[in-house]
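For reference, the structure is listed below as structure tokens.
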Amino acid sequence: MSSLWCVCVRYALYLLPVVVLLGIAAPGRADPKPLSKEEQTKVDKAIDKAVAYLKRKQTKEGNWPTHWKQKYLVGECALPAYALLEGGVSADDPVIQKAAAFVRPKVLKTDETYELSLAVLFLDRLGEAKDKKLIQTCALRLIAGQHYTGGWSYRCPKFKEGQEVALLKALEELTKRMKEEGKSTKEALRELEILRGMKALAVFKDMEKLNWQEETNKKKPREFLPIVGATDNSNTQFAILALWTAQHHDIPTEPSFRGLVARFEKSQFPNGDWNYLYSTSLRENLEARRGRPSMICVGLIGLAIGQGLKYPPSHVPPPPGKENLRILMGLAALYSTIGVPTGQMDKPIPMQDIYYLWSLERVGMLFNLPTLGDKEWYRWGAEIIITNQLGTGEFSAGDWSENPRFAATGAGQTSPGFYGPILKTAFALLFLKHSHPMKDLTPKLPFTAKELNQGIARLRPGDAPLDRSTSTPSRNAKPER
């Protein structure tokens, strides 16, 4: 028996129990008990302290002290400003207006995926009509920066004179052919007027003809093909959020989303996970450790776009009647990363990766899941966040910096120092406020919370939370942001 055949057999045997389990009846999860008045008061106080901290730490230039050594000035201004708006700060507040004045001129000079994406989220949330053109520019750069594996790396191209208008026009026509006329990608691309320098863009390629392999151009990138390093699902997550938001500003995203959805269909591990880097290797998927919890969240968001926009499966179709199998497998994998609430918000609880908690919160909101299976994900996360917020005294008030008193009580930080206090505070604030930048996608999803939770119960009954403290990165893994 060939090695490839062995791998395929192992893959089929892995999925067989999953398909069988989906046909077994399982109870749904009742709604979680609402936060008590005392618990909600603590959440509200934590939000107020976080808002006050971010306001207090803004510089006179309008940005915030950077953690990445001046590398992401725009992003590290846009994220806390966006979090403040989500936290209830008025758009006309001087702190917000100073941040906007800092971001607007500088974002035009950046080609970084993170910064372009965060600027779109912030300026869209700010809601000023004059920012529409700027949001469009950022979004079009992101579209031009999509790779042939449907995702994003760190860099996106800038435009020469006339290219931005030409790209928008071509995208509008391509989207019209695909959505209104119902043409396939191949048919829609036929005789489409595209500038010569833009024909290499992923958005203008027939997905069926792509090899879906990461191709890194180590030499000088060709025009509009700025492949700088492998794609990753962290950069891709921010691009997803930005492009979904950019639809509110007349940016056609259908062609980009088709490639994005195909990425997550093709790269899901047999156990439901996704990892930080992209891989279609069946052998690697079978042998690799489980995906990072935050990357599972990204994969689920990608699949949700496909379900909400009714894209047909572009890779391996699910079994008949099991169209949501991939999503159920992803949710079941995510379920195993969530702990159980302790029932108190006073004593320190071991800190989790704040980026993961923010990602978890958006999955819960996107799929309208008050609980994920029988896990009260919001109460669990809120307890962790609130008990790790710094108070007054010798420590700065309101943020989530590294605090030596937590180490003494066994509540050490995950990835200490990786994000810095400003970004950690922004992520924590977004979690506590139930931030939901894709709220217009939720009503389009073709399933209910009850149906999803029943599926989780069938797939992973009683599964214990993943102990991430003992997990080790794969040989190709990079730090995620």
>> Could you check whether any side-chain heavy atom of Lys55 comes within less than 4.5 Å of a side-chain heavy atom of Val89, counting everything from C-beta outward?
In response: yes

> Can Lys266 and Thr149 be said to form a side chain to side chain contact (heavy atoms under 4.5 Å, CB included), step by step?
Replying inline: CA-CA 9 Å; Lys266 291 173 178 290; Thr149 53; over 6 Å; no

> Is the backbone of Trp64 close enough, under 3.5 Å, to the side chain of Glu76 for a donor and an acceptor to pair up by distance?
Replying inline: no

> What are the two closest heavy atoms between Ala230 and Ser153, and how far apart are they?
Replying inline: O-OG, 3.4 Å

> Would you say Thr425's side chain and Ala50's backbone share a donor-acceptor pair under 3.5 angstrom?
Replying inline: no

>> I need the Tyr53 OH to Asp399 CG distance, nearest 0.5 Å.
In response: 4.0 Å

> Side chains of Asn233 and Gln237: donor-acceptor distance under 3.5 Å anywhere?
Replying inline: no

>> I need the minimum non-hydrogen distance between Leu334 and Pro293, along with the two atoms involved.
In response: CD1-O, 4.0 Å

>> Measuring from atom CG of Leu84 to atom CG of Leu429, what distance do you get when rounded to the nearest 0.5 angstrom?
In response: 6.5 Å

> When the ring planes of Tyr72 and Tyr114 are compared, do they come out parallel, tilted or perpendicular, using 30° and 60° as the limits?
Replying inline: perpendicular

> Taking C-beta and beyond as the side chain, do Met329 and Asn271 meet within less than 4.5 Å on heavy atoms?
Replying inline: no

>> Filter on salt bridge (Lys or Arg N to Asp or Glu O under 4.0 Å), then keep only pairs touching residues 430-444, sequence neighbours left out; what's left?
In response: none

>> Set out, in order, the CA-CA distance, both residues' side-chain angles and the distance that settles side-chain hydrogen bond (donor to acceptor under 3.5 Å, both in side chains) for Tyr356 and Thr337, then state yes or no.
In response: CA-CA 10 Å; Tyr356 154 63; Thr337 72; 2.7 Å; yes

> Would you say Phe264 and Leu300 make side-chain contact, with heavy atoms under 4.5 Å?
Replying inline: no

> Once you round to the nearest 0.5 Å, how far does CD of Glu115 lie from OG1 of Thr110?
Replying inline: 4.0 Å

> Can you name the nearest heavy-atom pair linking Phe447 to Ile327, along with the distance?
Replying inline: CZ-CD1, 3.8 Å

>> Tell me the closest heavy-atom pair linking Leu167 and Ala144, and the distance in Å.
In response: CD2-CB, 4.4 Å

> Testing Ile47, Leu121, Leu430 for side-chain contact (heavy atoms from CB on, under 4.5 Å) with Glu86, which one passes?
Replying inline: Leu430

> Do you know which two heavy atoms are closest between Ile456 and Gly373, and how far apart they sit?
Replying inline: CD1-N, 3.8 Å

> Is there a side-chain contact between Ser117 and Leu142, using heavy atoms and a 4.5 Å cut-off?
Replying inline: yes

> Checking Glu254 side chain against Thr175 main chain: does a donor-acceptor pair fall under 3.5 Å?
Replying inline: no

> Are any side-chain N or O atoms of Thr253 and backbone N or O atoms of Ser256, one a donor and one an acceptor, separated by less than 3.5 Å?
Replying inline: no

>> Taking the side chain as everything from C-beta on, heavy atoms only, tell me whether Trp400 gets closer than 4.5 Å to Ile354.
In response: no

> Considering residues at least two apart in sequence or located in another chain, which fulfil the side chain to side chain contact (heavy atoms under 4.5 Å, CB included) criterion with Ala246?
Replying inline: Ala139, Ile251

> Under the salt bridge (Lys or Arg N to Asp or Glu O under 4.0 Å) rule, what pairs show up with a residue in residues 130-154, not counting sequence neighbours?
Replying inline: Arg104-Asp131, Glu128-Lys130, Lys132-Asp250, Lys133-Glu164

>> Rounded to the nearest 0.5 Å, what separates atom CD1 in Ile301 from atom CZ in Arg362?
In response: 4.0 Å

>> List the residues meeting ring pair (Phe, Tyr, Trp, His ring centres under 6.0 Å) with His434, not counting sequence neighbours, and say none if there are none.
In response: Tyr378

> Going through the checks in order, is the side chain to side chain contact (heavy atoms under 4.5 Å, CB included) test met by Gln389 and Lys49?
Replying inline: CA-CA 9 Å; Gln389 187 179 31; Lys49 288 170 63 178; 3.5 Å; yes

> Side chains of His147 and Trp152: does their closest heavy-atom pair fall under 4.5 Å?
Replying inline: no

>> Nearest 0.5 Å, please: how far is CZ in Arg263 from OH in Tyr148?
In response: 15.0 Å

> Any chance the side chains of Thr59 and Glu61 put a donor and an acceptor closer than 3.5 Å?
Replying inline: yes

> For the side chain of Gln268 and the backbone of Asp273, is there at least one donor-acceptor N/O pair under 3.5 Å apart?
Replying inline: no

>> If we ignore hydrogens and angles and just use 3.5 Å, is the side chain of Gln247 paired with the main-chain N or O of Trp244 as donor and acceptor?
In response: yes

> Does Asn453 use its side chain to pair, donor to acceptor, with the backbone of Thr371 at less than 3.5 Å?
Replying inline: yes

> CD/Glu376 to CG/Leu372 distance, rounded to the nearest 0.5 angstrom?
Replying inline: 12.0 Å

>> Quick one, Arg125 and Thr245 - any side-chain contact, counting heavy atoms below 4.5 Å?
In response: no

> Is the shortest distance from a Lys or Arg side-chain nitrogen in Asp111 or Lys158 to a carboxylate oxygen in the other one below 4.0 Å?
Replying inline: no

>> How close do Ala81 and Ile96 get, counting heavy atoms only, and between which atoms?
In response: O-CD1, 3.7 Å

>> I'd like to check the ring pair (Phe, Tyr, Trp, His ring centres under 6.0 Å) partners of Trp358; sequence neighbours left out, ordered by chain and number.
In response: Phe238, Tyr355, Phe427

> Are any side-chain N or O atoms of Lys375 and backbone N or O atoms of Tyr335, one a donor and one an acceptor, separated by less than 3.5 Å?
Replying inline: yes

>> Walk me through whether Leu445 and Asn368 qualify under side chain to side chain contact (heavy atoms under 4.5 Å, CB included).
In response: CA-CA 10 Å; Leu445 298 181; Asn368 193 27; over 6 Å; no

> Do any N or O atoms from the side chain of Glu383 and from the backbone of Met345 form a donor-acceptor pair under 3.5 angstrom?
Replying inline: no

> Would you say the side-chain atoms of Thr442 pair up with the backbone N or O of Leu366, donor to acceptor, closer than 3.5 Å?
Replying inline: yes

>> Using the rule given for side chain to side chain contact (heavy atoms under 4.5 Å, CB included), can you reason through Trp380 versus Leu360, listing the C-alpha separation, both sets of side-chain angles and the distance that settles it, and then say yes or no?
In response: CA-CA 11 Å; Trp380 174 68; Leu360 170 64; 4.0 Å; yes

> Does a side-chain heavy-atom distance below 4.5 Å link Leu116 with Val120?
Replying inline: no

> Taking the six-membered ring of Tyr276 as reference, does the NZ or CZ atom of Arg292 fall below 6.0 Å from its centre and within a 45° cone about the axis?
Replying inline: yes

> Quick one: side chain to side chain contact (heavy atoms under 4.5 Å, CB included) partners of Glu181, sequence neighbours excluded?
Replying inline: Lys176, Arg177, Lys183

